[in-house]
Amino acid sequence: MEVITDVIKVQDQQWKEFTLVNDNGMAVSILDFGGIITKILAPDRDGKLENVVVGFENYQDYLVNPGYFGALIGRVAGRIENAQFEIDGKPYTLPKNEGEHHLHGGNPGFHNTIWTVVPFENNEEVGLTLTLESKDLENGYPGNLRMTVTYTLNNDNAFTITYEGVSDQKTVLTSTNHSYFNLSGNLKSDIQDHQITLDSSKFVELDEELIPTGTILDVDNTTYDFRNGRPMKDGVTSEFKQNLVANHGYDHYFIFDHNKKESAIVREETSGRQLTVVTDQPGVVMYTSNNLSEGLKLRERDSAQYLGLCLETQGSPASIHHEGFPSIWLDKDEKYFAKTTFIFDTIE
Ligand code: G6D
């Protein structure tokens, strides 16, 4: 196992790209800019290593990155209604970077800031420790926040992301990674035939602006019931209101039942690749790149709708304005901890 470091010149900046390689040849490439995962090479059933995430051909395109490809997201992943909240009666207003609302931590956010990166390796794994200091009231968020994200890869083809944070004031925090997975390999096909299983019986209803209504819906007898596996395309062809609200797909927070160790399993029959997600998080935003615009030059091809599957494990920003949702409140000096493992293997 090894960590390979490359220097990437982007306009007047110098970024570093770190590639974690295990003994099976699986590799994960990560930038210090945004902690962005630019490539994951994973084997198919014949052992052929191919890229399984959406990423740009030209690195400078990560400077804009409207889809947040591969990026760490924070301080709050998802949407905060009306870009505001109150703590102990004191109002806080965040940038309205999507209509009247706040999306994905604002700008600058975790996704487009240079993180301090320290590689490491030991007998079990190779990895990176990324740290970031976010000042009090940066983008309107209270508290001086110190974030540490750890990426590790082991010889079981398990890639783990651990998030740790602490703030000197009460604040809100839920971070995630916004990789777009495509198990076909080198974006040979879109994700409509990916078979998805989610350990979830409830999901969060959205309004037309993709803002939680405050209602939690049952998946029973809907295209949101992934408990026994379902092809992603069911959400594309569905006339169910929530699939239409998401622009003919999924863009919703699923609350995990935590009945199983595996919170999500994704399979792609042609390649035989399988991705299993094990997480301590209470839920996941599953986004099926319904709004992925055309015309972006990706590593293997031009962008198109449904090219990647996002599994953004996190708390629910709806908890800011509604009771009964997985909380993203963080008390003064409370330790924030989140851990998600993506296990890549194959099926017969
Ligand atoms: C779209 O609604 C989706 C979000 O869920 C996603 O995170 C973003 O694109 C990249 O706004």
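One-based numbering, in listed order, for ligands and for the atoms of each.
- Residue Tyr68 has no nitrogen or oxygen atom sitting less than 3.5 Å from a nitrogen or oxygen atom of ligand 1, judged on distance alone.
- Assignment of Tyr180 to the shell around ligand 1 is supported, since a heavy atom sits closer than 4.0 Å.
- If you number the atoms of ligand 1 from 1 as listed, the ones under 4.0 Å from a heavy atom of His104 come out as 6 (C), 7 (O).
- A donor and an acceptor atom, one from each side chain of Asn107 and Asn112, are located under 3.5 Å apart.
- Ring geometry, Phe344 versus Phe181: the interplanar angle falls from 30° to 60°, so the pair is classed tilted.
- Short contacts between ligand 1 and Gly67, defined as distances under 4.0 Å to a heavy atom of the residue, involve ligand atoms 10 (C).
- If you check each of Tyr250, Tyr287, Tyr253 against atom 9 (O) of ligand 1, the one with the closest non-hydrogen atom is Tyr287.
- With no hydrogens or angles considered, a side-chain donor-acceptor pair links Asp345 and Gln274 at under 3.5 Å.
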List the steps and the verdict of side-chain contact (heavy atoms from CB on, under 4.5 Å) for Thr213 and His322. CA-CA 9 Å; Thr213 64; His322 303 284; over 6 Å; no
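- The proximity of Val285 to ligand 1, defined as any non-hydrogen pair under 4.0 Å, does not occur for either the backbone or the side chain.
- With contacts defined as side-chain heavy-atom distances shorter than 4.5 Å, the pair Phe56/Asn65 qualifies.
- Between Phe240 and Tyr224, the ring planes are perpendicular. Angles over 60° get that label, and only those under 30° would be called parallel.
- Ligand 1 places these atoms under 4.0 Å from at least one heavy atom of Asp251: 2 (O), 3 (C), 4 (C), 5 (O).
- In this comparison of Glu312, Arg79, His252, the heavy atom closest to atom 11 (O) of ligand 1 sits on Arg79.
- Of the listed options His178, His111, Glu209, Met286, His178 places a heavy atom closest to atom 6 (C) of ligand 1.
- Considering Phe18, Phe33, Phe110 as possible partners of Trp115, the one that fulfils the ring-ring contact (aromatic ring centres under 6.0 Å, His included) test is Phe110.
- Applying the 4.0 Å criterion to heavy atoms of Leu210 picks out, from ligand 1, the atoms 2 (O).
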